[in-house]
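Below: one structure, written as structure tokens.
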Amino acid sequence: MSNQDMPKAYDFSTVEPKWYKYWEENNLFRAETVRDKPAFSIVIPPPNVTGSLHMGHALNNTLQDILCRYKRLKGYNVLWMPGMDHAGIATQNVVERNLAAEGLDRHQLGREGFIERVWEWRHEYGGKILNQLKRLGSSCDWSRERFTMDEGLSKAVRKVFVELYEEGLIYRGDYIINWCPRCRTALADLEVDHHTQEGNLYHLRYPFKNGQGHVVIATTRPETMLGDTAVAVNPEDPRFQTLGDEELVLPLVGRSLKIIRDSYVDTEFGTGVLKVTPAHDANDFVIGERHGLDSIVIMDEDGRMNAEAGSYQGLDRFEARKKIVADLEAQGFLEKIEPYQHSVGHCYRCKTMIEPILSKQWFVKVEPLAKAAADAVRSGETRIVPKMWEKTYFDWMDNIRDWCVSRQIWWGHRIPAWYCRECGEIVVSMEDPDQCPRCQGELVRETDVLDTWFSSALWPFSTMGWPDQAPELDIFYPTSVLVTGFDILFFWVARMMMMGIHFMHDVPFKDVYIHALVRDAEGQKMSKSKGNVIDPLTIMDQYGTDAFRFTLAAFAAQGRDVLMSEERVEGYRHFVNKVWNAARFALMNLQDMDSGVAVAPEDRTSADKWILSRASKVSDQVSVALDEYRFNDAAATLYHFVWHEFCDWYLEEAKLTLYGKYRPESRPATQKTLRDVLSAVLKMLHPFMPYVTEEIWSLLPGTEGSVMQGGYPRMEDWNDDQVEAEMGLLMETVSAVRNIRGEMQIPPSREIQLRFFSNDSDSLNKLETQGAYISELCRASDILWEGSGDRPRKAASAVCQNVEVFIPLEGLIDFDFEKKRLKKEIDKTGKELGYANKKLSNEDFLTRAPEHVVDKEREKAKELEIRLKKLETNYERIVAMSS
RNA sequence: AGGCGCGUAGCUCAGGGGGAGAGCGCUACCCUGACACGGUAGAAGUCAAGGGUUCAAAUCCCUUCGCGCCUACCA
């Protein structure tokens with residue numbers, strides 16, 4: 001393919017589709033179970049089977065892909081383990097909705113039938129997100145794709161459950177849990193979202209049994225009074241010191257209530273009297289335990305009142321509230337209702353208001369696991385990046401509560417526990433038991449399934465074949481890094497730490513890189529309900545995957561949220577196009593290149609040596625940035641280098657040699673330089689923009705295979721500070737002349753004369769050897785290298801380091817304007833000099849500041865002084881001219 | 001209620017003790033044989049406010065104000 005086939009504008013839509021297929025067909029993402037290369041491994045945060053790609057996924061997976069592609073270039077044996085999560089409640093909800101559309105519900109199908117339907121759904125519609133990840137360019141090893149409900153992972157889950165049970169770290173008990181009446185399941189504390197909302201504080205009168213008055217209690221949930229088994233006051237509260245052992249009568253119910261003393265009661269809140277409902281409030285439950293109170297559950301799993309609620313049985317909890325309040329009022333037990341704002345828990349899946357209910361659930365005793373997990377971070381075995389998240393992690397680990405792992409749904413890992421009908425024995429085992437080992441009685445299996453996060457907690461080792469012996473475990477565990485958002489730090493990261501350490505005796509990852517959340521341009525969290533969601537697929541359709549990925553990387557600064565806006569993506573689309581056109585230029589000029597030709601250092605022009613030196617430094621900087629997860633730095637470094645050094649300066653200079661205008665004999669060396677630097681650029685950019693770099697690579701002469709093969713560019717030999725300084729002066733000079741041209745409104749077509757003066761013959765000589773560049777880049781027809789001597793009288797001037805340049809342009813220069821321009825320069829230089837001198841005259845600065853800082857300041861002052869003198873001389877000359 | 005983070009150019013953000021930066025936008029000139037998704041040049045900031053530490057503070061510490069987030073059992 002020649003440049004004639006390369007369109008002027010990069011068209012991602014024709015380029016992108018072919019390459020992903022090529023990569024997959026050539027197994028370029030395949031991890032090997034060999035040990036002759038260093039290993040680098042990442043497990044993907046498994047997306048939900050129900051999920052579709054959103055901005056969070058796009059950021060998360062782009063960053064992982066950048067690391068994986070970068071490490072592959074660096075010669076690592078890379079495993080990026082992909083897979084999906086069965087997402088218990090979410091998936092069950094989706095399938096139940098589909099059933100509802102057919103007029104069915106899951107109970108009509110029965111457990112087996114329903115689960116079958118879920119599997120059908122999973123195979124037919126689930127996991128479309130994986131194709132979206134491919135669209136994004138994710139270089140996962142798809143041959144190893146796993147699912148949290150597949151056979152191997154189910155085995156791992158069962159083994160972990162059984163072992164923890166045998167170790168006494170899993171138990172079953174009555175506990176107050178968060179109940180979602182819509183999902184009809186228990187939820188872990190973490191699965192409850194609290195938001196403040198408007199409610200009422202109801203003040204109720206509870207009369208004394210002896211008929212002598214009443215106490216007033218305050219509650220936000222009056223319907224729970226039906227389950228009250230005591231009333232509590234603070235033992236320190238002076239208002240209740242005279243209270244004896246009188247009992248109260250619970251209104252509407254007639255039950256006798258003791259008055260207990262408990263320091264939990266806040267004397268400041270409400271009336272200082274607390275109704276105690278152990279079965280429906282987490283705090284009351286604790287108080288009930290302390291005082292040996294009865295617990296009366298008054299609701300069923302739908303949130304309707306049960307038989308314990310007497311005449312209210314069958315009413316929904318909110319209807320019951322209305323009716324109870326009305327009845328209390330009618331009977332004179334309602335003192336007042338005041339509006340009250342309070343925080344109420346909602347199901348994180350379906351947003352239904354949760355109800356705390358006492359019930360029998362399975363728990364993991366996590367304190368010992370959490371302690372080990374915290375210690376592993378404290379000791380540095382696992383590093384959390386950025387470090388600020390460590391504190392959050394420790395706070396949670398140190399105050400952790402037991403983890404309720406049973407869920408009353410059907411889709412998930414069914415708990416491997418059996419109950420004996422005869423003797424009540426509980427059997428937990430790897431193999432399904434036939435009969436009770438104690439009394440040979442009939443066993444029934446637990447109907448609950450495990451929390452989805454139970455299986456994802458095992459992800460780093462279950463995906464690699466555990467509990468079987470698998471070479472992957474030896475080679476790739478612990479994984480190198482986990483890339484994730486902080487929103488699942490507790491749900492997932494913390495639990496993987498606990499399980500990994502406990503079962504693998506080693507941390508699951510060496511680094512945890514926590515990236516930002518993606519928000520919209522206003523800083524709002526993107527959510528469907530707010531309607532501010534930007535769909536990554538739409539963005540990719542419009543701007544191309546490479547531009548999108550580069551945008552994500554460029555704005556993924558540590559500890560900051562990413563505000564996504566389309567303008568930015570558009571900006572980086574321009575960058576992709578710039579890269580494309582730089583390649584187009586290169587290909588036009590490399591047609592006749594002899595790849596085999598030997599190039600000696602002296603064959604190269606200064607510009608060649610300069611760009612090689614710059615590329616060398618940039619490759620180091622990008623490397624260091626990526627090693628430290630500073631994706632935005634890496635992206636910015638590349639952007640600046642490619643656009644503002646390679647394109648703006650090098651290509652312009654290379655044109656002279658390539659077109660035979662300057663050192664035509666260096667053409668082969670410049671061709672080789674151009675090719676080599678472009679090739680290095682493609683490799684460095686490849687992790688960020690895989691598609692366009694692969695396309696250009698395939699067109700570039702002298703390349704073979706994929707851009708991701710053959711290693712990261714090694715260019716340390718090209719480092720050359722001297723040539724960089726030389727080119728620095730050239731660029732400064734050219735910019736100074738262009739500045740004058742611009743400010744003086746000298747038309748670009750107008751050629752000018754330049755006259756250089758300097759008492760430093762070395763600098764002048766070096767510039768002179770590059771006179772051709774200067775004349776081309778400044779559009780100067782005539783350059784005089786004068787060293788010392790009389791400065792031209794009618795000319796604009798500039799000072800660049802130790803060189804002065806004059807542009808004699810009688811008739812074109814507005815001398816008043818030149819006067820103003822020079823004055824501005826003089827003021828600026830004078831100000832800087834004053835500042836430097838002030839520092840240098842400060843005795844404390846001279847004695848206390850480090851020597852190199854003082855030296856630098858002295859040097860600066862000296863340079864500024866010389867510069868100022870020259871500027872002033874030139875200024876006076878102009879003044880003399882115009883008077 | 002505690003904890004964390006953030007206030008830097010018109011916008012979006014880097015930087016994080018010794019010369020205020022980038023992208024976009026804006027202004028002027030230019031379709032020069034890679035690119036107008038482009039080129040050259042330019043204007044633009046009391047680095048939220050106040051105090052402290054230091055020879056030196058946008059940067060470290062404290063306070064205040066504004067914004068965001070996380071955690072929590074005030075009925």
Side-chain angles (χ1 to χ4, degrees), chain A residues 3 6 8-10 176 189-190 194 201-202 217-221 224 232 264-266 268-271 273-277 281-287 340 342-343 356 388-389 391-392 395-396 399 486-487 489-490 517 519 521 523-525 543 547 554-555 557 559-565 567-568 570-589 630 632-633 636 639-640 644 647-648 651-652 655 659 734-735 738-743 745-749 776-777 779 832 835-836 839 842-850 852-854 856-857 860:
Chain A
N3 62 294
M6 256 183 112
K8 264 170 91 157
Y10 172 59
I176 191 107
D189 294 336
L190 274 176
H194 290 88
L201 195 56
Y202 300 85
I217 59 93
T219 179
T220 54
R221 292 184 299 150
T224 62
Y264 168 78
V265 181
D266 181 355
E268 303 289 309
F269 188 88
T271 59
V273 187
L274 173 71
K275 67 190 259 314
V276 184
T277 324
D281 184 280
N283 297 307
D284 293 6
F285 175 74
V286 176
I287 295 172
Y340 183 64
H342 60 143
S343 174
M388 65 169 178
W389 291 109
K391 191 176 158 41
T392 313
D395 283 352
W396 195 70
N399 298 301
F486 61 82
D487 49 331
L489 184 61
F490 305 138
L517 237 51
R519 299 173 187 282
Q524 298 284 310
K525 201 167 170 174
Y543 302 99
F555 288 89
R560 274 270 201 160
D561 291 338
V562 176
L563 274 63
M564 184 42 66
S565 75
E567 291 89 83
R568 295 178 177 176
E570 189 171 4
Y572 288 113
R573 189 190 68 190
H574 295 172
F575 179 52
V576 174
N577 193 54
K578 189 74 178 177
V579 173
W580 177 255
N581 274 287
R584 196 162 163 264
F585 169 79
L587 291 175
M588 285 174 147
N589 290 283
R630 288 184 288 108
N632 58 321
D633 280 352
Y639 183 96
H640 185 265
H644 298 304
C647 291
D648 286 355
L651 293 187
E652 292 308 314
K655 278 176 187 173
Y659 295 166
V734 169
S735 296
R738 283 170 168 173
N739 173 298
I740 292 169
R741 291 194 70 123
E743 299 221 350
Q745 306 266 19
I746 299 169
S749 54
E776 184 74 15
L777 299 174
R779 285 195 71 82
E832 278 176 43
Y835 185 67
K839 261 185 164 176
N842 180 345
E843 195 58 35
D844 287 329
F845 174 70
L846 296 176
T847 53
R848 300 208 190 189
H852 73 272
V853 173
V854 177
K856 206 173 137 196
E857 203 63 31
K860 192 170 100 187

### Query
Is a donor-acceptor pair below 3.5 Å formed from side chain E857(A) to base rA56(B), judging by atom type as modelled?
no
### Summary
Any strand, both distances under 3.5 Å, Watson-Crick or G-U wobble: rA14(B) pairs with none
### Message
So F575(A), base contact, sugar-phosphate only, or nothing? Heavy-atom distance under 4.0 Å.
### Response
nothing
### Message
Please confirm whether the shortest side-chain N or O distance from H342(A) to OP1 or OP2 of rC74(B) is below 4.0 Å.
### Response
no
### Message
Need one value for A282(A): base, sugar-phosphate or nothing, where a base atom within 4.0 Å counts as base even if backbone is also close, heavy atoms only.
### Response
nothing
### Task
Mind calculating the distance between OH (Y10(A)) and P (rG38(B)) to the nearest angstrom?
16 Å
### Query
Taking atom C1' in both rG15(B) and rC6(B), what distance in whole Å separates the two?
15 Å
### Query
Between L777(A) and R738(A), is any pair of side-chain heavy atoms under 4.5 Å apart?
yes
### Message
What's the gap between rU71(B) and rG39(B) when it is taken at their P atoms, as a whole Å value?
### Response
46 Å
#### Entry: Pairing partner (Watson-Crick or G-U wobble, both distances under 3.5 angstrom) of rA72(B)
none
### Message
Would you say K578(A) places a side-chain N or O within less than 4.0 Å of OP1 or OP2 belonging to rC37(B)?
### Response
no
#### Entry: Side chain to side chain, L274(A) and Y264(A), heavy atoms closer than 4.5 Å
yes
### Query
Would you say the side chain of V579(A) lies within less than 4.5 Å of the side chain of N581(A), judging by non-hydrogen atoms?
no
### Message
Measuring only the P atom in each nucleotide, how far is rC4(B) from rA56(B)? A whole number of Å is fine.
### Response
30 Å
### Query
Quick one: is rC74(B) close enough that its OP1 or OP2 comes under 4.0 Å of any side-chain N or O from N283(A)?
no
### Task
Ignoring backbone atoms, test whether H644(A) places a side-chain nitrogen or oxygen under 4.0 Å from the OP1 or OP2 oxygen of rG23(B).
yes
### Message
Would you say that R221(A) contacts D281(A) through its side chain, given a criterion of any heavy-atom pair below 4.5 Å between the two side chains?
### Response
yes
### Message
By nearest atom, which of the nucleotides rA28(B), rC35(B), rA41(B) is closest to the N581(A) side chain?
### Response
rC35(B)
### Message
What contact category does K275(A) fall into here, base, sugar-phosphate, or nothing, at under 4.0 angstrom with non-hydrogen atoms?
### Response
nothing
### rA49(B) and rC67(B), which share atom name C1', separated by this distance in whole Å
15 Å
### Query
Closest nucleotide of RNA chain B for T219(A) versus for K860(A): which of these residues is on the 5' side?
K860(A)
### Task
For Y543(A), report the nucleic acid contact type (base, sugar-phosphate, nothing); a contact means any heavy atom under 4.0 Å.
nothing
### Query
Quantified in whole Å, what is the P atom distance between nucleotide rU59(B) and nucleotide rC47(B)?
9 Å
### Task
For rG7(B) and rG50(B), measure between their C1' atoms and round to the nearest Å.
16 Å
### Under-4.0 Å side-chain N/O to phosphate OP1/OP2 contact, Y659(A) with rA34(B)
yes
### Message
Classify P850(A) by what it touches in the nucleic acid, base, sugar-phosphate, or nothing, heavy-atom distance under 4.0 Å.
### Response
base
### Query
Once you round it to whole Å, what is the distance between C1' of rA1(B) and CZ of F269(A)?
14 Å
### Task
Output, in order, the C-alpha distance, side-chain angles, deciding distance and verdict of side-chain contact (heavy atoms from CB on, under 4.5 Å) for F555(A) and Y572(A).
CA-CA 11 Å; F555(A) 288 89; Y572(A) 288 113; 3.6 Å; yes
### Task
Under 4.0 Å between any heavy atoms, over every strand shown, what does D648(A) touch: base, sugar-phosphate, or nothing? Just pick one.
sugar-phosphate
### Task
Indicate, with a heavy-atom threshold strictly under 4.0 Å, whether E843(A) touches base, sugar-phosphate, or nothing.
nothing
### Task
Both distances under 3.5 Å, Watson-Crick or G-U wobble: report the partner of rC60(B), or none.
rG52(B)
### Task
Return the value, rounded to whole Å, for the distance between atom CG of D844(A) and atom C1' of rU54(B).
10 Å
### Message
Can you tell me which nucleotide in rA75(B), rA34(B), rG23(B) comes closest to the side chain of T220(A)?
### Response
rA75(B)
### Task
Would you indicate whether the side-chain heavy atoms of E857(A) and F845(A) approach each other to under 4.5 Å?
yes
### Query
Of D266(A) and H640(A), whose nearest nucleotide on RNA chain B comes first from the 5' end?
H640(A)
### Message
Which nucleotide, if any, forms a Watson-Crick or G-U wobble pair with rA9(B), using both distances under 3.5 Å?
### Response
none
### Task
For residues W580(A) and K8(A), determine if any side-chain heavy atom of one lies less than 4.5 Å from a side-chain heavy atom of the other.
no
### Task
Measure from the side chain of M388(A), starting at C-beta and using heavy atoms only, and say which of rA41(B), rC4(B), rC69(B) lies closest.
rC4(B)
#### Entry: Separation between the P atoms of rA14(B) and rC30(B), rounded to whole Å
38 Å
### Message
I'd like to check K655(A) versus E776(A) (side-chain heavy atoms, cut-off strictly below 4.5 Å). Are they in contact?
### Response
no
### Query
With a non-hydrogen cut-off below 4.0 angstrom, is R738(A) in contact with a base, only sugar-phosphate, or nothing?
sugar-phosphate
#### Entry: For rC31(B), the Watson-Crick or wobble counterpart (both distances under 3.5 Å)
none
#### Entry: Touch class at under 4.0 angstrom, heavy-atom based, for A582(A) against every strand present
base
### Task
Look at Y835(A) and rG18(B) and indicate whether a side-chain polar atom (N or O) is within less than 4.0 Å of OP1 or OP2.
no
### Summary
Here the distance between atom P of rC74(B) and atom CG of L201(A), to the nearest Å, is 14 Å
### Task
Using the P atom as the reference point in each nucleotide, state the distance between rG38(B) and rG3(B) in Å, no decimals.
49 Å
